[in-house]
Amino acid sequence: MPNVLLIGWDGADWQQIHPLLDAGEMPNLARLVERGVMGDLAGLAPPSSSLLWTSIATGLYADRHGVLDRSEPDPMTGGIRPATRASLRAPQLWDVLASEGIGAQAVSWPVTHPARGPATCVSDGFVHGIPESVFPAVLEPTLVPLRFHPQEWTGDELQLFVLRWREIDQDKDKGLARLAVLLAEAVSTHAAATTLMEAGGAEFTAVWFGAIARAVAEFPDRQDEMYGEVVSGVYRFLDLFLGRLLALAGSAATVIVVSDRAAAAKASRAMFCAAGPGIDADELAFGAGLLDIAPTVLALFGFSQAPGMTGRAIPEVCVTAPVMQLANLAAHVPAENAEPAAEFDDAGYNDTVAAAHRVEAESARRVRDFHLAQVLIGQGRITDAVPMLERLVSDEPLAGDVRLYLAHAYYQTRRFDDCRRECEALLADMPESPAVPLARAFLAIGAGDVAAAQAHLRSAQERYHVAAALDAAIGWAYLHLRKWNEAEAAFRSAAASDPGMATAWEGIARSLLGRGRAAEAAEAALDAIRLRYDFAPPHEVLGEALRALGRSTAADEAFAISGRLHGRSPAA
Amino acid sequence: MTRKRLQSDRLERKLAGYALAGAAVLAPGVANAGTITSMPLSIPVAQGGSAGFALSGSVDFTLLAQQVDHTPFGLWNEINVTVSNGAQTLMSSGAVADLAFGALIDPSAPGVWGSGGKLAGESTTGGTGGLWPTNGSGYLGFYFQGTDGPQAGWAHLSTFADTTTSSLNIDGLAFETRANTAILAGDTGAATATPEPSTLALLAMGGAGLIAMRRRRSTNA
């Protein structure tokens with residue numbers, strides 16, 4: 001029976017890790033890298049931790065697994081609460097495996113509270129001392145005492161993270177207290193996970209650590225004289241834990257370490273590495289995405305992926321093709337095209353909930369709906385996202401970001417008149433909105449004034465600090481105007497800023513195809529597919545390029561894949 | 001295109017120091033309090049020989065390289081450890097555990113202690129047994145009965161066994177001078193630049209290390 005260990009490091013990023021590896025300060029991760037494969041994982045939008053980790057655990061987009069944000073409606077108060085299993089519309093990996101008779105356990109994974117079977121579970125409520133955080137309950141007497149309290153830290157230990165901690169006025173500066181909390185949560189998770197692993201009986205263990213992303217959020221300034229070393233210290237700390245987890249898993253286990261996004265860079269790329277039987281040593285892996293992790297783990301146990309999963313088993317990790325089907329497929333089929341639940345209307349809370357709770361709950365619902373729209377856009381289902389965005393704008397006309405998404409969605413679906421109307425309305429209603437430069441850019445594009453569009457986009461770049469996305473937006477503008485050389489240059493600039501941006505390579509492919517360079521276009525489309533196999537548009541571009549090359553059979557296959565992934569033609 | 005590691009010897013040295021220090025953030029601070037007695041050794045034991053260790057004043061454990069008749073399973077060339085005087089060895093699945101560098105040896109940990117046995121062995125017909133390598137090294141975890149209670153320690157051993165003979169080399173040994181106090185395999189108590197480095201190393205061990213850390217603090221309070 002295979003033995004698989006899946007470790008999640010929230011917000012971890014190779015760009016932060018490489019210097020530590022080079023300095024020998026993460027020796028356990030270094031050993032894992034040398035024994036196996038490493039690479040980037042193509043990320044997903046929006047960058048919501050609960051949403052992304054649930055996509056990793058289910059192998060599904062958020063519109064299918066149901067976790068759209070870190071909060072959900074609280075049926076007791078009418079307000080909101082942290083997202084719980086109540087939001088889940090699809091089973092997580094460990095429950096799928098446990099249902100197939102494989103011993104499985106999960107520790108601290110997001111959206112696992114309250115702890116329920118069939119797998120052994122220490123929920124994400126455990127580190128906060130919330131009841132019902134251990135399943136089965138018989139494990140509570142063993143695990144609950146292992147909860148590490150922030151007050152157990154001494155100053156000398158925190159000195160390893162904050163060298164000059166004695167100089168801190170802790171009445172005014174709560175940084176040490178926040179550090180103590182995030183480190184304590186990591187210790188609690190590690191203690192529970194190691195205790196379960198030492199007891200044996202599980203072939204699959206999933207452990208999640210939130211410390212890196214928390215440290216990046218709490219102490220973002222790496223040049224800060226007092227707290228600048230915290231993030232590096234947390235990486236080293238988790239590497240210590242990794243050593244113990246690797247020892248407990250054993251040399252015959254397949255170990256996978258993943259993140260959900262690069263928190264420090266605010267980039268959608270994530271990191272992963274894997275080592276185990278049959279995996280080549282010290283190699284790079286390409287083309288994997290967050291949605292590939294669940295199929296990969298299933299394949300390691302010999303199972304084909306569950307219906308609805310659009311990812312695939314990472315070939316560098318799964319050297320043997322899976323041959324078994326999941327026994328209880330019906331239990332694993334996710335809800336189709338899940339719309340955001342109209343919880344308030346359905347539950348009849350309109351007349352009973354307090355006004356204050358109603359406001360926060362409505363705000364949280366809009367966030368979830370906005371996230372759902374972004375999830376649909378990320379799948380190329382822009383047409384499906386438009387009515388959702390229209391509803392959001394109708395509810396909250398002053399949400400500049402939402403209006404901008406709507407304008408861009410109109411643009412991408414070739415509803416240029418609607419795009420222009422939306423941008424003009426945005427400029428009229430919110431002349432001071434940070435979205436104004438982008439709106440002006442869209443209007444300039446619609447008028448064919450690319451130079452003006454470029455100027456507005458550069459202006460927006462200063463405010464939004466997302467160079468790759470804006471370069472790509474400029475590229476799409478040039479594509480619309482059939483300025484192929486300029487489009488290619490813009491997309492290559494985007495790819496240089498964010499090498500994991502599949503849509504940049506798709507744009508390069510389209511630019512090359514426009515100039516009749518079909519072979520190069522096919523290569524660029526394949527580069528996009530390597531980054532994100534589950535994204536339909538590059539498959540379609542590949543099909544067009546292959547058809548131009550006279551390779552009709554291969555072209556038909558590419559179009560078939562695009563259709564299977566998408567179901568409709570994406571808008572360019 | 002692959003990622004190649006340079007200067008692996010330097011890395012191994014850093015690994016050893018890192019595991020003891022608990023972190024690579026080398027903040028200047030209080031050195032280790034020196035509660036560990038360490039003995040760098042190189043004691044060869046050929047087949048037919050033995051080496052006994054009297055840490056409590058009387059012999060606590062004995063390492064033997066011997067050929068044993070396990071009729072009807074034939075003759076075996078083995079490395080064994082026997083205990084006496086209330087000493088115990090760290091076990092795993094009923095056999096003497098082959099510990100990795102940095103493994104936790106906690107005399108108060110329940111259910112992991114035993115009365116020694118075979119480390120490694122190979123029969124004259126080629127079968128092998130024991131958790132230890134027939135041509136390798138590892139750490140033996142033990143405790144002996146000190147004046148105030150069980151004192152934990154480790155011995156670094158190189159073991160060899162094949163179809164014709166067995167032998168071992170005792171490469172080093174260390175033990176805690178405080179009773180009921182955990183030690184990490186390989187920890188010689190050398191001064192480090194990090195205050196209480198073993199705290200993070202204990203926490204890195206997980207639940208057992210956390211319990212050991214709390215016990216240490218309550219003992220020292």
Side-chain angles (χ1 to χ4, degrees), chain A residues 18 20-28 30-31 33-34 37-38 142-143 145-148 152-157 159-165 183 186-188 190-198 200 229 232-233 236-245 247-248 280-284 286, chain B residues 1-30 92-93 98-104 109 111-112 184-185 192-214 217-218 220:
Chain A
H18 282 315
L20 296 171
L21 287 176
D22 289 338
E25 294 176 359
M26 295 185 73
N28 295 301
R31 274 200 293 274
V33 167
E34 289 165 14
V37 299
M38 60 175 286
T142 302
L143 296 180
L146 299 179
R147 209 174 275 141
F148 190 85
E152 293 189 69
W153 290 118
T154 67
D156 286 344
E157 288 145 13
Q159 181 175 344
L160 298 174
F161 301 86
V162 183
L163 183 60
R164 293 158 53 191
W165 69 275
L183 292 175
V187 172
S188 300
H190 184 62
T194 53
T195 300
L196 289 176
M197 293 176 75
E198 286 164 357
E229 276 296 308
S232 294
R236 298 186 197 103
F237 195 46
L238 292 192
D239 188 75
L240 270 182
F241 291 172
L242 176 62
R244 179 59 176 157
L245 293 172
L248 287 171
D280 287 340
D282 204 12
E283 291 291 339
L284 296 177
F286 298 96
Chain B
M1 184 165 55
T2 63
R3 181 180 176 85
K4 300 299 182 185
R5 306 305 301 155
L6 302 176
Q7 299 183 319
S8 60
D9 287 346
R10 186 183 72 180
L11 177 60
E12 291 304 315
R13 286 197 296 274
K14 285 186 176 181
L15 279 174
Y18 183 78
L20 277 178
V25 180
L26 298 180
V30 177
S92 175
S93 302
D98 170 22
L99 302 178
F101 181 86
L104 181 70
V112 298
L184 301 179
T192 66
T194 315
E196 288 205 34
S198 60
T199 299
L200 288 191
L202 283 175
L203 294 178
M205 295 306 299
L210 173 57
I211 293 171
M213 185 207 77
R214 286 171 172 165
R217 285 185 176 174
S218 65
N220 293 341

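Below, chains carry the letters A, B, ... as their sequence lines are ordered, and counting in each starts from 1. Remember, it's a predicted structure, so these values are computed and weren't measured experimentally.
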> Got A:T154 and B:T199 here, is their nearest side-chain heavy-atom distance under 4.5 Å?
Replying inline: no

> How close do A:T194 and B:G207 get, heavy atom to heavy atom, and via which atoms?
Replying inline: OG1-N, 2.9 Å

>> My understanding is that only residues two or more places apart in sequence, or in another chain, count here; which of them pass side-chain contact (heavy atoms from CB on, under 4.5 Å) with A:E152?
In response: A:F148, A:H149, B:M213, B:R214, B:R217

> About how many Å separate NE2 of A:H190 and CG of B:L203, when rounded to the nearest 0.5 Å?
Replying inline: 8.5 Å

>> Is A:R164 in contact with chain B via its backbone, its side chain, both, or neither, using a 4.5 Å heavy-atom distance?
In response: neither

> Who are the side-chain contact (heavy atoms from CB on, under 4.5 Å) partners of B:A204, not counting sequence neighbours?
Replying inline: A:L240, A:F241

